[in-house]
> 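Here it is, the structure in full.
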Amino acid sequence: MTEKKLKVTVLYDLWEEEPAEVQEEVPAPRKRKGQKGRKKKPVKHDREEIFEALEKLGHEPSYYVLDGRQQSLLGLAKCGADLIFNITESYAGDNTKEMQVTAFLDMLDIPYTGAGPHANVLAQDKSIAKKMFAFYGIQSPYFATAYRGTIDHAHDISFPLIVKPTSEDGSIGIDAAAVVTSVKELMERLSYIQTEFDSPALIEEYIEGREIYASILGSYENPQALPLVEIDLSKLPKGMPKIASQEVKFEKDTDAYKLTKSAIAEDLDEETVTKLTEIAIKAYRAVQLRDYGRIDMRISSRGKIYVIEANPNPWLSSGQEFAMAAKKSGLSYTQMIGEIVDLAMARHA
């Protein structure tokens, strides 16, 4: 890891709907007689964990917020950082503008971590990513896209199908109703996607099977696959489709969230692990990811592997899949952050 002390700006985004980070004081529950108080460890944002790791590495970290105002863009140009640790996911709440943030950093000629604008375009639009996968011979579910009556790139697909926005991430627009089994349900879901997100809808063959995440750390030229992680969807409530929906990922009060968990995939045979790893690296390169990324795959009941999507700059919280895989590989959280910093700086050496 680099021994040079760097000024590293941790760049993240907020907007008008999410302006302030006020810590509300919640009254502690009344203790029962004789009950000992238990201290709860505060949950940290990933940016706080990254900041602390950068300090441990001997760097000089700071925060910078893109809040959707022009002034915040102008200020970013004057931040004086040696490196931007980029964890933005949108601009002014618009996820499709994530690529413009990286393009802006390119124009400023400031080194930054993670995917560049080309990778964001290729990976974020799921229909484009799937076309890239097809070009490189990577199997993904058959699909079509639809927008206000226009159908594009239609395979011969059949029910059941999963319908989602083409250009959202973080399972946005994906809930239990996303899996459809009839023309009526399909038309209702298309209307919902187009009304709610003003986005083309990806209509995709639904693959029943195990969901595997392959975390990749490394440059485009030399990507290294970390141990595979599986999100166990087998215990979802009866009748609920086995998908990593918003409920599963983020809605902590739901049964779907409580009954699912991610863990290192321990029971895959060596041949399957090799195939998953090779396909993931191929997909990483197909959409021009760099530094770090995550490839989501499914193994069908017949053992066939499908790439579902590629995720540039996946969530780096210590409790999430990427950090879980890094830890299994022998990297501490701080070492993982150091590797990402080194990879970004190496491009500007």
> Using the rule side chain to side chain contact (heavy atoms under 4.5 Å, CB included), only one of L161, I207, I157 pairs with P141; which is it?
I207

> Using ring pair (Phe, Tyr, Trp, His ring centres under 6.0 Å) as the criterion, list what pairs up with Y284, not counting sequence neighbours.
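Y284 satisfies ring pair (Phe, Tyr, Trp, His ring centres under 6.0 Å) with no other residue.
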
> Please determine whether a side-chain nitrogen of the Lys or Arg among K242 and E208 lies less than 4.0 Å from a carboxylate oxygen of the Asp or Glu.
no

> For the residue pair W315 and F250, categorise the inter-ring angle as parallel (less than 30°), tilted (30 to 60°) or perpendicular (more than 60°).
tilted

> As a quick check of understanding, evaluate side-chain contact (heavy atoms from CB on, under 4.5 Å) for I110 and F104, giving each step before the final call.
CA-CA 9 Å; I110 301 176; F104 184 68; over 6 Å; no

> Just wondering, do V65 and D13 contact through their side chains at under 4.5 Å, heavy atoms?
no

> Report the C-alpha separation of K164 and D175 in whole Å, then their side-chain angles, then the decisive distance to 0.1 Å, and conclude whether the salt bridge (charged side-chain N to carboxylate O under 4.0 Å, His left out) test is met.
CA-CA 9 Å; K164 48 195 172 184; D175 54 32; over 6 Å; no

> Where is the tightest heavy-atom contact between N313 and N86, given as atom of each residue plus distance?
ND2-O, 3.8 Å

> Do E185 and R189 meet the salt-bridge criterion of a basic N to acidic O distance under 4.0 Å?
no

> If you round to the nearest 0.5 Å, how far is CD of E211 from OG of S234?
12.5 Å

> Under 6.0 Å from the OH atom of Y333, do we count more than 12 heavy atoms belonging to anything else shown?
yes

> Roughly how far, to the nearest 0.5 Å, is CD1 of I340 from CG of L54?
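Going from the CG atom of L54 to the CD1 atom of I340 covers 10.0 Å.
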
> For residues V163 and A201, report the shortest heavy-atom separation together with the two atoms involved.
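Between these two residues, the closest heavy atoms are CG1-CB, 4.0 Å.
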
> Does any part of the side chain of V101, heavy atoms only, come nearer than 4.5 Å to the side chain of L11, both counted from C-beta?
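Side-chain contact under 4.5 Å: yes.
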
> Between P117 and D106, which heavy-atom pair has the shortest distance, and what is it?
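That closest heavy-atom pairing would be CD-OD2, 3.2 Å.
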
> Treat each ILVMFWY residue as a node, draw an edge where side-chain heavy atoms are under 4.5 Å apart, and state whether I281 and L122 are in one component.
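Shared cluster, yes.
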
> Here's one to test your reading of the geometry: is the NZ or CZ of R298 within 45 degrees of the ring axis of Y306 and under 6.0 Å from its centre?
no

> CG of L57 to CD of E52: how many Å apart, nearest 0.5 Å?
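One gets 12.0 Å once the value is rounded to the nearest 0.5 Å.
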
> Does the side chain of M132 reach to within under 4.5 Å of the side chain of R285, using non-hydrogen atoms?
no

> Do you know the tightest heavy-atom contact between T96 and M99?
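Closest approach of T96 to M99, heavy atoms only: O-CG, 4.0 Å.
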
> Is a salt bridge present between D125 and K130, judged by a nitrogen-to-oxygen distance below 4.0 Å?
no

> Indicate yes or no: does R347 engage D291 in a salt bridge with an N to O separation below 4.0 Å.
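Here R347 pairs with D291 in a salt bridge, since their nearest N and O are under 4.0 Å apart.
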
> Are F322 and Y292 near enough that their ring centres are under 6.0 Å apart?
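Distance test on ring centres: under 6.0 Å, yes.
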
> Determine yes or no for a side-chain-to-main-chain donor-acceptor pair under 3.5 angstrom, with R290 supplying the side chain and G114 the backbone.
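Between the backbone of G114 and the side chain of R290 there is a qualifying donor-acceptor contact (under 3.5 Å).
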
> Would you say that F85 contacts V341 through its side chain, given a criterion of any heavy-atom pair below 4.5 Å between the two side chains?
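Yes - at least one pair of side-chain heavy atoms lies under 4.5 Å apart.
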
> Hey, does T277 have a side-chain heavy atom less than 4.5 Å from the side chain of V273?
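A side-chain contact under 4.5 Å exists here.
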
> Would the distance check show the side chain of H59 and the main-chain N or O of L6 forming a donor-acceptor pair, the cut-off being under 3.5 Å?
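The answer is yes, because a donor-acceptor pair under 3.5 Å joins these two groups.
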
> Pick from L289, D296, V287: which one makes a side chain to side chain contact (heavy atoms under 4.5 Å, CB included) with N311?
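Checked L289, D296, V287 against N311; only one passes side chain to side chain contact (heavy atoms under 4.5 Å, CB included): D296.
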
> Given side chains that start at C-beta, do those of D253 and E251 come closer than 4.5 Å, heavy atoms only?
no

> Are any of the side-chain nitrogens in E188 or K184 under 4.0 Å away from the carboxylate oxygens of its partner?
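Yes, this pair counts.
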
> With side-chain contact (heavy atoms from CB on, under 4.5 Å) as the criterion, how do I279 and I295 come out once you've worked through the C-alpha distance, each side chain's angles and the decisive distance to 0.1 Å?
CA-CA 9 Å; I279 290 169; I295 307 299; 6.0 Å; no

> Enter the distance from M336:CE to K327:NZ here, rounded to the nearest 0.5 Å.
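Rounded to the nearest 0.5 Å, the CE-NZ separation comes to 12.0 Å.
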
> Do you know the tightest heavy-atom contact between A325 and I264?
CA-CD1, 4.2 Å

> Would a distance-only check, ignoring hydrogens and angles, find a side-chain to backbone donor-acceptor pair under 3.5 Å from T274 to E270?
yes

> Return yes if some donor-acceptor pair links the side-chain N/O of Q124 with the main-chain N/O of N95 below 3.5 Å, else return no.
yes

> Are any non-hydrogen side-chain atoms of L259 and T254 less than 4.5 angstrom apart?
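Sidechains of T254 and L259: no contact.
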
> Do V121 and M107 sit in one hydrophobic cluster, given that two such residues count as connected whenever their side-chain heavy atoms are within less than 4.5 Å of each other, even indirectly?
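No; tracing contacts between hydrophobic side chains, which count when under 4.5 Å, never links both residues.
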
> Is it the case that atom NZ in K258 sees more than 12 heavy atoms from other parts of the structure closer than 6.0 Å?
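Atom NZ in K258 is packed in, count exceeds 12.
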
> Under the side-chain contact (heavy atoms from CB on, under 4.5 Å) criterion, do F143 and L202 qualify, and how do the steps go?
CA-CA 7 Å; F143 78 103; L202 181 73; 3.4 Å; yes

> Measure the shortest side-chain to side-chain distance between L83 and M345 over non-hydrogen atoms and say whether it is less than 4.5 angstrom.
yes

> Using 4.0 Å as the upper bound for N to carboxylate O, is an ion pair formed by K131 and D152?
yes

> Would one find more than 12 heavy atoms of other residues, nucleotides or ligands at under 6.0 Å from atom CD of Q71?
yes

